[in-house]
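To keep things clear, I will list the structure first and then write my remarks on it.
Model, not experiment: these values are computed from the prediction. Just so you know, these numbers use all the heavy atoms, side chains as well, and skip hydrogens, waters and symmetry mates.
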Amino acid sequence: MLTNMSPGIFYPGTGPLHRLQARTKLLMIGLAVVVMLIANQHQWHFAPYIVAVTWVLGSIFGAGIGLRELWRRLSFLLMLVFSSLLFTFLGGSSSSPAVWTLGPWLLRNVTISHIALFLAIGCGILALACLLPPLAKRYRSRFFFRLLRSILILVTCGALLLFGWTMGLPPQHTVPLGPIIITRQRIWILVVSFVIFMALYTFSTLLTMTTNPVALIEGLTILLSPLRRLKLPVDDFALMALLGLRFIPTLLDEVEQLQKAQAARGADLLHGTWRERLQSFSSFFTALIQGTLRRAADLATALESRGYRSSGQRTLLYEKPLRRLDYLILIIFGLSMLGSLFF
Amino acid sequence: MLQPLIDLQQVTYAYPVRPGSAQQESPALRKLSLQIQQGEYVVILGHNGSGKSTLARQCNALLLPDQGQVIVAGMDTRDLASHPAIRARVGMIFQNPDNQLIATVVEDDVAWSLTVLGYSASEIRQRVNEALEAVGIADLRALPPHKLSGGQRQRVAIAGILALRPDCIIADEATSMLDPVSRQEMGKLFARLNRDLGITIVQVTHLLEEAVYAQRIVLMEQGQIVQTGQPGQLLSDIERLRALKLIIPDSLSLAARLRAAGFRIAEDAVTVEQIAREIARE
Amino acid sequence: MNDVMIEVAHLSHTYTTAPVKKKALDDVSMQIPRGECVAVIGFNGSGKSTLVQHFNGLLRPTPGSVRVDGVDVGGAQVNLRALRQKVGMLFQFPESQLFASTIYQDVAFGPQRMGLGRHELRARVKHALDIVGLPLQDYGQRSPFELSGGQRRRVALAGILAMTPRVLILDEPSVGLDGEGRAEFYAYLQRVRQEQGVTTILVSHDMAEVAAIADGLYVLHHGKLVMQGTPASVFAQSEQLRRWDLAAPPLHELLAALRQRGIALPEDVMSVEDAFHFLQQTQKQKQKQLPDVSSRS
């Protein structure tokens, strides 16, 4: 399961995005960030975002990666961003004028109690149905099934409580619900933050999917090379980044193995007293850190033996001088993004 | 006589004791002398803790002698400036196939040492191709290391050294985490590199099966060399090997018993094939 | 009493972690008798580790079924904790999974979770450490990291034994150990089997080492159970094993080579001893037929 989410997996290919130099792609992302943050200051100015989304769609097309594959990588985070952004609607009042006001709805107690009763009965029946073995077998994913069942039971209990409470109140009294006020500012924030998140996340996913990691690091090294003047260890940084990318899958495997080994010894992060869980947790991390340190020591020896040195001119395998395609794309991208700020 | 490629003279070495640790480490190597000639295939045999890995690490300046000296291709390992040159000529592969690959794709890893040394891109491409062909993994060049089996990863490590066109490859317990078939294939690969490319091979191991392809075996115990000689000579003395805590393959012990019972089995028959031929001739 | 400890029926397993779907197990059925020691053999990626992880509920059998001591592991009501206590599992390089600052604490980790009293806990830890030859009074308060690789591995074994499992699964138990460490580990394992009568399942790609103690072998190749039987019957097929990237033990390779050269070794020759006696006898017979052997050479 963990390997599913691991970042930085490169898909070899020959699409236009693959052919761009890593530097070009990194510069594009940098520029996009700057432009979109500047554009944020100016309300109701959609042009930069429309341009950015167009570029995102264009690069998805240019990456030559299956939409399904991409969706699998993106879906989780996008859902998360989207659902968290929805809550911005429910925030307190704000000074900007309302566009749209929902409610307030005036509900009579008797109506509430009726709705609660219906909900309780409906969910209760469904929850009971979920307990029946024939239906249980239909669901392929047990986890989903259990989740559904617990949600249903929770809703039933809540509805029953609400029903009992409202029954005790005078039936014809009204309770105000809402109002939900949607202001222009909130819509703006919602749209803008969603587009920024989506664009950046998609861009960087596409970057790692279409760029060989070594090329990516070479590109980064070139872009950072002015920092060498300040005596910053750019090459060591590049090596660290490379090792990070190299060992992510290995460490994920190790984590999985360790989890299983400790589960086999009765460790359980989800059950038991808090003390036991904490103990399981700490023992897991102790073993993981020890393993990683051992690996690091081995690796240091191997690096030394393979002739690593942080000085000297190294050969760049992938990063060539920028070609016409790179310049072209960079210029068009830059002009369109910057230009969109003024339209 | 030719100057040896690797020349250890009266080397003594003890691992530094961690401050706070009470126990006194006895030296891992004690006044050890060994000469390895260019083009040899040497197996260093001993159980864990006999000092064989320490010996291997002295040969490419990963460790420096406390006393005595190590001369590699005419360079003294105590001279720090010579380390890059020594390591370019004497490459080393390690026990854990995972912890010595650096780049995220096979061919980049093979190229890695060359890029550090600043070779031109076309030169690198050519050398990487040759090295991958030599170890027989050219078809795996675009895969990430974690998709490979242990044996394949060790081949990548060997290719990474071959790309430097070295004089010598030291394999430090490089097969102990592999399965038997991969282990045999590694043995054959070493023998082939030795024969075809004239590369000196120093293989450190605790497995007798791996020693049978060698030209010379160095037996180690407690930081000293107990005996050196050709496989036929050394591997027929089963009792002695057992006393050195080594596992005796059944094929060798059967041959030894038959020999003791009057069968005429030549001493230099050490591989399964050779022993079978000798027995069948009787 | 049921004499089948583990029963696997039509078990398949597909790893869904993309990019490529991989079938790790393909319709495997087997029965492991109670109290025996069996070995599951296969090359990397043959599915052997995947198979045994079903035995203690780390993986759920879908589709197919696994019954351990009569209990369906895939059943809805299965108590995973009880199952994992009954089926102890030692993973590859178990010494790297030690974590506690003393050996006592490390071995006690598992049994502590079983809700035992303090005396019972101590007695179990003591017994487990005794069996693996690291007595509590000498080793209990030492750090596991002071020990040699082989000893650390035995500490990990003790950590499993302290949970008094009925089934012991060992994944590549000897990889990375040298001759001495390996011999000691197997000697202690034999002792565990004799004293506790546990059903033992070894998972390995090295047949030479399991030959000595396994009663039965199961050979997996690309997720399929391709061969099963006694070590002798499996090793006799050394040609076939090669095709699955497996090597028969050196002795069996030698016997196969001798048969190829026309020496009629019977099937039941299994050890150096047997082979030696057989060869000696055939030579004596030859000498009777040809009194003047010396003239031949």
- Task: Measure the spacing between NE2 of C/His277 and CZ of B/Arg257 and express it to the nearest 0.5 Å.
- Result: 6.0 Å
- Query: Can you tell me if B/His206 uses its side chain to pair, donor with acceptor, with the backbone of C/Glu180 under 3.5 Å?
  - Reply: no
- Message: So for C/Asp206, is it side chain, backbone, both, or neither that comes closer than 4.5 Å to the heavy atoms of chain B?
- Response: both
- Message: Do the side chains of B/Glu273 and C/Arg261 get close enough for a salt bridge, i.e. N-O under 4.0 angstrom?
- Response: yes
- Item | Most contacts with chain C, counted as non-hydrogen pairs under 4.5 angstrom, among B/Leu254, B/Asn48, B/Leu208 | B/Asn48
- Task: Please look at B/Leu246 and chain C and tell me whether the side chain, the backbone, both or neither of the residue comes under 4.5 angstrom of a heavy atom of that chain.
- Result: neither
- Trace of the side chain to side chain contact (heavy atoms under 4.5 Å, CB included) decision for C/Leu254 with B/Asp250: CA-CA 9 Å; C/Leu254 179 59; B/Asp250 285 341; over 6 Å; no
- Task: Count the heavy-atom pairs under 4.5 Å between each of B/Ser253, B/Ser251, B/Ser182 and chain C, then report the option with the highest count.
- Result: B/Ser251
- Message: Quick check on B/Arg183 against chain C: is it the side chain, the backbone, both or neither that has a heavy atom closer than 4.5 Å?
- Response: side chain
- Message: Show, in sequence, the C-alpha distance, side-chain angles and deciding distance for B/Asp179 and C/Met207, and conclude whether the side chain to side chain contact (heavy atoms under 4.5 Å, CB included) test is met.
- Response: CA-CA 10 Å; B/Asp179 61 285; C/Met207 287 195 281; over 6 Å; no
- Crowding at CD, C/Gln137 (>12 non-hydrogen neighbours, <6.0 Å): yes
- Query: Are there more than 12 heavy atoms of other residues, nucleotides or ligands under 6.0 Å from atom NE2 of C/His222?
  - Reply: no
- Message: Looking at every heavy atom in both B/Ser149 and C/Asn44, which two are closest together, and how far apart are they?
- Response: CB-ND2, 3.6 Å
- Message: Only pairs of heavy atoms separated by less than 4.5 Å count here; which of C/Glu172, C/Arg242, C/Arg182 has the most with chain B?
- Response: C/Arg242
- Note on the structure: Minimal heavy-atom distance between B/Phe263 and C/Gln283, with the atoms involved, is CE1-OE1, 3.2 Å
- Mind ranking B/Gly49, B/Gly151, B/Pro180, B/Ser176 by heavy-atom pairs under 4.5 Å with chain C and telling me who comes out on top? B/Pro180
- Message: If I measure from the heavy atoms of chain B, does C/Leu279 come under 4.5 Å with its side chain, its backbone, both, or neither?
- Response: both
- Flag if over 12 foreign heavy atoms under 6.0 Å of CD, B/Gln230: no
- Note on the structure: From the list C/Val272, C/Leu177, C/Leu255, C/Asp245, the residue making the most non-hydrogen contacts under 4.5 Å with chain B is C/Val272
